[in-house]
Visitor: 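Would you mind keeping the following structure in view while I ask a few things?
When reading the values below, keep in mind they use all heavy atoms of this one structure, side chains included, and skip hydrogens, waters and symmetry mates.
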Amino acid sequence: MKMFFAGMTLALFQTDLAIKREIEELPAGSGEQMLPGGFAGVTRLHNYGLAGSRWAGHTTGIVRGTGLVTAGCIGMLIHHLVTPGQEIRTAGFAFLTGGALSNLYDRCKRGYVVDYIRFHTPFKRLNRLVFNLADFFIFIGAVLICLGNGGHSQS
């Protein structure tokens, strides 16, 4: 089971990077391509900051901070890989780590994170945000960790 979660982490990391590579090849100014149903579209955005481009221009600090958080995720994943009986939390840390690694890789390699999914909802603030698959992996990971905790504090 340990190898499954380690492999899953790497597969999530590689999947998002592969999609980002394809998104980066879209012609400049190609605009948003709506997905079936019109609820979301694919566009290319270079995010030089954190969520919502906050702290754009502070790349060194962002890389250091997200690098430390990612290292913590890796440490928690390793801890859960060697702790039996916590599969839901281990899966959560695998998702969290895969997503964190992908966004950190972007920041280190490109100087920005490639975002590409925009939702179209009645909520204007949400419509302004652009996400990538790694962001969803991080969210799924956080949910799984909470579910795996079962409302009880665990080490």
Side-chain angles (χ1 to χ4, degrees), residues 1-26 35 39-119 121 123 125-126 128-155:
M1 199 63 153
K2 294 176 190 178
M3 291 307 294
F4 171 78
F5 289 119
M8 185 173 96
T9 303
L10 292 176
L12 294 168
F13 169 71
Q14 291 174 327
T15 298
D16 186 55
L17 286 184
I19 293 170
K20 288 174 178 175
R21 195 171 325 130
E22 291 296 317
I23 295 297
E24 285 290 82
E25 291 180 11
L26 291 174
L35 297 173
F39 178 67
V42 174
T43 189
R44 179 179 58 199
L45 177 87
H46 294 165
N47 185 346
Y48 291 90
L50 295 173
S53 294
R54 286 185 175 83
W55 296 350
H58 299 281
T59 305
T60 302
I62 292 170
V63 168
R64 286 180 182 157
T66 58
L68 286 171
V69 170
T70 302
C73 291
I74 293 167
M76 289 302 293
L77 175 61
I78 291 168
H79 168 76
H80 281 81
L81 287 174
V82 299
T83 304
Q86 296 194 25
E87 284 78 15
I88 294 173
R89 285 174 59 98
T90 306
F93 281 108
F95 270 96
L96 195 66
T97 302
L101 281 170
S102 181
N103 283 341
L104 180 61
Y105 176 87
D106 265 7
R107 286 187 176 97
C108 292
K109 178 81 173 175
R110 295 184 170 107
Y112 55 84
V113 173
V114 179
D115 289 328
Y116 49 86
I117 301 169
R118 181 188 309 269
F119 291 103
T121 71
F123 307 103
R125 289 184 117 180
L126 178 61
R128 288 195 309 249
L129 299 175
V130 182
F131 303 90
N132 60 43
L133 202 53
D135 298 332
F136 296 111
F137 294 159
I138 291 166
F139 176 77
I140 291 166
V143 168
L144 288 172
I145 291 164
C146 290
L147 290 174
N149 196 23
H152 298 73
S153 179
Q154 296 179 5
S155 299

Visitor: Of the non-hydrogen atoms in Ile62 and Tyr48, which two are nearest, and what is the gap between them?
Guide: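 It is CD1-O, 4.0 Å.
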Visitor: Fit a plane to each ring of Tyr105 and Phe13, take the angle between them on a 0 to 90° scale, and name the class: parallel (under 30°), tilted (30 to 60°) or perpendicular (over 60°).
Guide: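 Ring orientation, 0 to 90° scale: perpendicular.
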Visitor: Whether the side chain of His79 engages the backbone of Gly75 through a donor-acceptor N/O pair (distance < 3.5 Å, no angle test) should be reported.
Guide: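 Side chain of His79 to backbone of Gly75: no pair is present.
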Visitor: Grab the two heavy atoms, one from Thr70 and one from Ala100, that are nearest each other, plus how far apart they are.
Guide: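 Closest approach of Thr70 to Ala100: OG1-CB, 3.6 Å.
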Visitor: With the side chain counted from C-beta on, respond yes when Ile74 and Leu101 share a heavy-atom pair under 4.5 Å apart, and no when they do not.
Guide: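 Yes - at least one pair of side-chain heavy atoms lies under 4.5 Å apart.
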Visitor: Any idea which heavy atoms bring Val63 and Leu104 closest together, and the distance?
Guide: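 Heavy-atom minimum between the residues: O-CD1, 4.0 Å.
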Visitor: So, taking the atom named CD in Gln14 and the one named CZ in Arg21, what distance separates them when rounded to the nearest 0.5 Å?
Guide: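 Going from the CD atom of Gln14 to the CZ atom of Arg21 covers 9.0 Å.
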Visitor: Just do the side-chain contact (heavy atoms from CB on, under 4.5 Å) check on Glu25 and Arg44 with the steps written out, would you?
Guide: CA-CA 10 Å; Glu25 291 180 11; Arg44 179 179 58 199; over 6 Å; no
Visitor: How far does NZ of Lys2 sit from OG1 of Thr83, to the nearest 0.5 angstrom?
Guide: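 So the NZ of Lys2 and the OG1 of Thr83 are separated by 9.0 Å.
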Visitor: Please determine whether the number of non-hydrogen atoms from other residues, nucleotides or ligands lying under 6.0 Å from atom CD1 of Ile88 exceeds 12.
Guide: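 Counting other residues, nucleotides and ligands, CD1 of Ile88 stays at 12 neighbours or fewer.
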Visitor: Any chance you could lay out the side-chain contact (heavy atoms from CB on, under 4.5 Å) test for Thr43 and Val130, step after step, and finish with the verdict?
Guide: CA-CA 8 Å; Thr43 189; Val130 182; 4.1 Å; yes
Visitor: Output yes when a side-chain donor or acceptor of Tyr116 lies under 3.5 Å from a complementary backbone atom of Leu133, and no otherwise.
Guide: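 Indeed, once roles are kept as given, a pair shorter than 3.5 Å links the two residues.
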Visitor: Could you grab the distance from atom CG of Leu126 to atom CZ of Arg118, nearest 0.5 Å is fine?
Guide: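 If we round to the nearest 0.5 Å, Leu126:CG and Arg118:CZ are 10.0 Å apart.
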Visitor: What residues form a salt bridge (charged side-chain N to carboxylate O under 4.0 Å, His left out) with Asp16, not counting sequence neighbours?
Guide: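 For Asp16, the residues satisfying salt bridge (charged side-chain N to carboxylate O under 4.0 Å, His left out) (neighbours in sequence not counted) are Lys20.
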Visitor: Check step by step if side-chain contact (heavy atoms from CB on, under 4.5 Å) holds for Ser102 and Leu12.
Guide: CA-CA 8 Å; Ser102 181; Leu12 294 168; over 6 Å; no
Visitor: Begin with the C-alpha distance, continue with both residues' side-chain angles, and end with the deciding distance and a verdict on side-chain contact (heavy atoms from CB on, under 4.5 Å) for Asn132 and Asn47.
Guide: CA-CA 11 Å; Asn132 60 43; Asn47 185 346; over 6 Å; no
Visitor: Taking everything shown except Phe136 itself, do over 12 heavy atoms lie less than 6.0 Å from its CZ?
Guide: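 It does: Phe136 CZ has more than 12 such atoms within range.
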Visitor: Provide the closest heavy-atom pair for Cys73 versus Leu96 in the form atom of the first, atom of the second, distance.
Guide: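 Looking at all heavy atoms of both residues, the closest pair is SG-CD2, 3.7 Å.
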Visitor: Near Arg110 CZ, under 6.0 Å, is it more than 12 heavy atoms from other residues, nucleotides or ligands?
Guide: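 Yes, enclosed.
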Visitor: Using a 4.5 Å cut-off on heavy atoms from C-beta on, say whether the side chain of Glu22 contacts that of Val114.
Guide: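 No; the side chains remain at least 4.5 Å from each other.
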Visitor: Grab the two heavy atoms, one from Phe5 and one from Ala94, that are nearest each other, plus how far apart they are.
Guide: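 Closest heavy-atom pair between Phe5 and Ala94: O-CB, 3.9 Å.
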Visitor: Locate the shortest heavy-atom distance separating Asp135 from Asp115; write the atom from each residue and the value.
Guide: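 So the minimum-distance heavy-atom pair works out to OD2-OD1, 3.7 Å.
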Visitor: I want to check something: taking the side chain as every heavy atom from C-beta on, are Phe93 and Leu144 in contact at a cut-off of under 4.5 Å?
Guide: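 The answer is no, as the side chains (C-beta and beyond) never meet within the 4.5 Å cut-off.
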Visitor: To the nearest 0.5 Å, what is the distance between NE2 (His80) and CD1 (Ile145)?
Guide: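 CD1 of Ile145 is found 7.5 Å from NE2 of His80.
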Visitor: Got a second to check how far Met8's CE is from Thr90's OG1, nearest 0.5 Å?
Guide: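 With rounding to 0.5 Å, CE (Met8) is 9.0 Å from OG1 (Thr90).
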